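Below is one structure, written out as structure tokens; the observations come after it.
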Protein chains: 2
Amino acid sequence: MEISPKDCSCSNCPNRWSNFNNLAPAELEIVCQNRYEAKYKPGETIFKTGSPTSSAIFLVSGLGKVYLEGIDGKNLIIGIAQPSMMIAGPGTFIDTRHHFTFTALTDVVACFIDLSILKGFIHTNTKFAEGWLIDISKKALEGHYRLLNLTQKKMPGRLAESLVYFSEKLYKNSEFDLPLSRQELGDFTNMAKESVIRILKEFEDDQIIEMQNQRIRIVDKDKLKLICNNG
Amino acid sequence: MEISPKDCSCSNCPNRWSNFNNLAPAELEIVCQNRYEAKYKPGETIFKTGSPTSSAIFLVSGLGKVYLEGIDGKNLIIGIAQPSMMIAGPGTFIDTRHHFTFTALTDVVACFIDLSILKGFIHTNTKFAEGWLIDISKKALEGHYRLLNLTQKKMPGRLAESLVYFSEKLYKNSEFDLPLSRQELGDFTNMAKESVIRILKEFEDDQIIEMQNQRIRIVDKDKLKLICNNG
DNA sequence: CACAATTACTGATATATATCAACCAAGTTA
DNA sequence: TAACTTGGTTGATATATATCAGTAATTGTG
């Protein structure tokens, strides 16, 4: 978990946070000069619930999982982190503590940027402040949608939603390797791992997906979306 | 639902949004001059999901419910609105559409303030912008807690949580009138109204609460909190 | 006040889903 | 290579919870 400065530039970064477009070149330069990279292997923790929020984190490459540590060690995955997202929880503006845990799902290169610098821009660049409000608002909106999914849909619907999410949002491909284990897929859809396995098998039997270990191919997207809706 | 200007002042309003403390007197005066009041009776809709967000809403008196309209007409109440809160959803910064429905639970006097004015202050008063970020962040944090509650606790735990919420947060009293019907209590805790009734009765039988229609008295708060934790 | 319309309540039943206890396959370590 | 671990899988069973079909109690209204 070595943290070391690196001299590539934020100004030509293809994965930079969209809100950085609101910064002036000089401001972006400040960000770039206060930037640190760290590498993680699958499963490694990037930060834990309760720890202090000193930096915002941006993935340069790889995927991470963001989850709440719940009751009796049962986790609830609230999101999959990918490059171009900012990972900094609500604690940033409240108690400077993390309110979720963030771990690597794949090999990850993460970029750390000091939060005091980013928070400082709120007072000097109002477009940036508004961009941050937009960013948080989008996450809140996704949260609403997710809350409805988890509380009002039955298991097949929740699982189908997550497959559609992986296919359309994360990989933009009808074929992909699941980034989550069966247990984690359960943590994501709020179901037991045994139920995940059984319902994935049902999808396979009904020729909605093909599956080989972590490899998934969505064969009948229409049927899958139908299950999303009434499930 | 008459909307009419009124000449009481925001500067001495006991229920004003805490973020208005960050405004200069002249700015607060602008707010005050662009303020409209409306009265609602219990059950009346203040705004609907999908409608345009033209104003932020602040309750002067009364209580409201904020809810998502879910599948098959099943609602999910995501919060109870009370004076001093700002009610303006994530749509404010995204698509200028409401993403939840807001209705009156009691007689309500609501204050409407034009969102373009409030959003304008983000660019002229950075403390105000930061205050808004803090406000949204607090709501996001509550959302996390709520998500865990709804997904990981069993019915008695969820119902106990809501009773503790009413007692400690909303009324600050061990005795109170439920602001929600049994059906709405179900919408709040994600359970069927019949289950709400049964479990309330269990609490009564176990002498944890006393109950007469909407009147609730919490007799054994320790036991109730115990149920919150392991339920 | 009487009537209608909600809302609250009750018991029987159905169902979704978790839990438990195995077993298997593949990779890892001794 | 054998023992171990880890994640995946399966079937049997338990349980939480919803649904349905009524009845009773409140509340609103002409």
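These values consider heavy atoms only, across backbone and side chains, with no hydrogens, waters or symmetry-generated copies. Per chain, numbering begins at 1; letters A, B, ... match sequence-line order. What you are looking at is a predicted structure, and each value in this text was computed from that prediction instead of being measured.
Remark: P of dC9(C) and CD of Gln212(B) are 11 Å apart, rounded to the nearest angstrom. The distance from atom CD1 of Ile199(B) to atom C1' of dC9(C) is 14 Å, rounded to the nearest whole Å. In this structure, the CG atom of Leu185(B) is 9 Å from the P atom of dA8(C), given to the nearest Å. Rounding to whole angstrom units, NZ of residue Lys153(A) and P of dT17(D) are separated by 21 Å. In this structure, CD1 of Ile71(B) is placed 15 Å from P of dA18(D), rounded to the nearest angstrom.
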| query | With the sugar-phosphate defined as primed atoms, P, OP1 and OP2, and the base as all remaining atoms, what B/S/- string results for nucleotides 6-16 of chain D, 5' to 3', for protein heavy atoms under 4.0 Å? | reply | --SBBBB---S
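Using a cutoff of 4.0 Å between basic side-chain nitrogens and carboxylate oxygens, Glu168(A) and Lys225(A) are scored as salt-bridged.
For the residue pair Thr96(B) / Thr53(B), no side-chain donor-acceptor distance below 3.5 Å is found, with atom types taken as modelled. With hydrogens and angles left out, the side-chain atoms of Thr49(B) and Thr101(B) include a donor and acceptor closer than 3.5 Å.
The ring of Phe20(B) has its center closer than 6.0 angstrom to the ring center of Phe58(B).
The salt bridge (charged side-chain N to carboxylate O under 4.0 Å, His left out) contacts involving residues 177-194 of chain A comprise Lys65(A)-Glu184(A), Asp177(A)-Arg215(A), where partners must be two or more places apart or lie in separate chains. Sorted by first then second residue, the side chain to side chain donor-acceptor pair (under 3.5 Å) pairs that include residues 199-212 of chain A, not counting sequence neighbours, are Glu210(A)-Arg217(A).
Within the structure, every side-chain polar atom (N or O) of Ser195(B) is placed at least 4.0 Å from both OP1 and OP2 of dT17(D).
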